[in-house]
Amino acid sequence: MIEFARRAPSTLITIGALAIIFGLVASLWPIGTAVTLVIMWGAYALADGIAALVMAFRKEGTSARALLIFTGVIGVIAGLFAIFRPVSSGVALAWVLGIWLIARGITELAGAFAQTSARPRWLLALGGVAWILAGVLFAASPGAAALTIALRIGFLAIAWGVLAITAGLILRAESKQAETGTTT
């Protein structure tokens, strides 16, 4: 256990430092970060689309073949579009996210006024309005929304990195105290 305690602080400190570096890069170059995230999503969508097409033509996939082919083709097209046109794709993804946020807000508002609502209605209604406002902001300015996401990821990574380093330093001090047998 003490051997693990000796390694854990170093791991936390290293991961925290890497998170801070990533956060700084994401915050200082949000366009590059947004483009990179879109390309990564594109690679995932492409791989998922290919996997769906492979499953569609297996013997086990006969019952859902048409759905798998449809999903596979859409995944491959979306993935290739995101990889080769990441800026356009990022804007489109932010716009779709805006529409989803608006739909989520409408659903939340409907839940606030349903008679079977167990939670305070005003909190649900306030949440619904917040979802709708966020959705309108995303849909109205998807380019800025994509950059905002990159900036927030950067800021969160920096905050998490600081917390991980702090936890690593505290754990290192406690580990040294346990080795020497002293208590605070």
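For reference, positions follow the sequence shown, starting with 1.
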Visitor: Which value, rounded to the nearest 0.5 Å, describes the distance between Thr71 atom OG1 and Ile74 atom CD1?
Guide: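 The CD1 atom of Ile74 is 8.0 Å from OG1 of Thr71, to the nearest 0.5 Å.
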Visitor: Examine Leu109 and Ile106 and state if one hydrophobic cluster contains both, with Ile, Leu, Val, Met, Phe, Trp and Tyr joined whenever side-chain heavy atoms are less than 4.5 Å apart.
Guide: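 The answer is yes; both residues are in one hydrophobic cluster.
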Visitor: Provide the closest heavy-atom pair for Pro86 versus Val38 in the form atom of the first, atom of the second, distance.
Guide: O-CG1, 3.5 Å
Visitor: Atom CD1 in Ile83, atom CH2 in Trp41: separation rounded to 0.5 Å?
Guide: 9.5 Å
Visitor: Between Gly16 and Ala164, which heavy-atom pair has the shortest distance, and what is it?
Guide: CA-CB, 3.8 Å
Visitor: Determine whether the aromatic ring centres of residues Trp100 and Trp131 are separated by less than 6.0 angstrom.
Guide: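 Yes, they do, as the ring centres are separated by less than 6.0 Å.
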Visitor: Which heavy atom of Ala157 sits nearest a heavy atom of Gly23, and at what distance?
Guide: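 That would be CB-CA, 3.7 Å.
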Visitor: How close do Arg172 and Ser10 get, counting heavy atoms only, and between which atoms?
Guide: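 The pair with the smallest heavy-atom distance is NH2-OG, 3.3 Å.
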Visitor: Write down the atom of Ala26, the atom of Gly154, and the distance for their closest heavy-atom approach.
Guide: CB-CA, 3.6 Å
Visitor: Could you walk me through whether Ile149 and Leu97 pass side-chain contact (heavy atoms from CB on, under 4.5 Å), step by step?
Guide: CA-CA 11 Å; Ile149 291 170; Leu97 180 59; 4.0 Å; yes
Visitor: So how far is it from Leu53 CG to Leu68 CG, rounded to the nearest 0.5 Å?
Guide: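 Rounded to the nearest 0.5 Å, the CG-CG separation comes out at 8.5 Å.
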Visitor: Report the distance from atom CD1 of Ile31 to atom OG1 of Thr36, rounding to the nearest 0.5 Å.
Guide: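 Reported to 0.5 Å precision, the distance equals 11.5 Å.
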Visitor: Once you round to the nearest 0.5 Å, how far does CG of Leu80 lie from CG of Leu46?
Guide: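 Answer for the CG-CG pair, Leu80 versus Leu46, is 5.0 Å.
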Visitor: Spell out, as yes or no, whether a donor-acceptor pair under 3.5 Å connects the side chain of Ser141 to the backbone of Leu137.
Guide: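 It does not hold such a pair.
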Visitor: For the pair Ser89 (side chain) and Phe81 (backbone), establish whether a donor and an acceptor sit closer than 3.5 Å, ignoring hydrogens and angles.
Guide: yes
Visitor: Are Leu24 and Ile13 grouped together when hydrophobic residues (ILVMFWY) are joined by side-chain heavy atoms under 4.5 angstrom apart?
Guide: yes
Visitor: Shared ILVMFWY cluster between Val76 and Phe57, side chains joined below 4.5 angstrom?
Guide: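 Same cluster: Val76 reaches Phe57 through Ile, Leu, Val, Met, Phe, Trp or Tyr contacts under 4.5 Å.
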Visitor: Test of understanding: clusters of I, L, V, M, F, W, Y form through side-chain heavy atoms closer than 4.5 Å, transitively. Do Phe155 and Trp29 belong to the same one?
Guide: no
Visitor: Shared ILVMFWY cluster between Leu169 and Trp160, side chains joined below 4.5 angstrom?
Guide: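 Not linked; separate clusters.
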Visitor: Kindly determine whether Trp95 and Val91 satisfy side-chain contact (heavy atoms from CB on, under 4.5 Å), including the steps that lead there.
Guide: CA-CA 6 Å; Trp95 189 73; Val91 171; 5.5 Å; no
Visitor: How far apart are the C-alpha atoms of Lys176 and Thr180, what are their side-chain angles, what is the distance that settles it, and do they pass the side-chain contact (heavy atoms from CB on, under 4.5 Å) test?
Guide: CA-CA 6 Å; Lys176 286 182 181 181; Thr180 60; 5.7 Å; no
Visitor: From Leu171 CG over to Leu12 CG, what is the distance, rounded to the nearest 0.5 angstrom?
Guide: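 The CG atom of Leu171 sits 6.5 Å away from the CG atom of Leu12.
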Visitor: What heavy-atom pair brings Ala150 and Ala34 nearest, and what distance separates the two atoms?
Guide: CB-N, 4.0 Å
Visitor: side-chain contact (heavy atoms from CB on, under 4.5 Å) between Leu18 and Phe22: does it pass, once the steps are laid out?
Guide: CA-CA 6 Å; Leu18 291 172; Phe22 168 78; over 6 Å; no
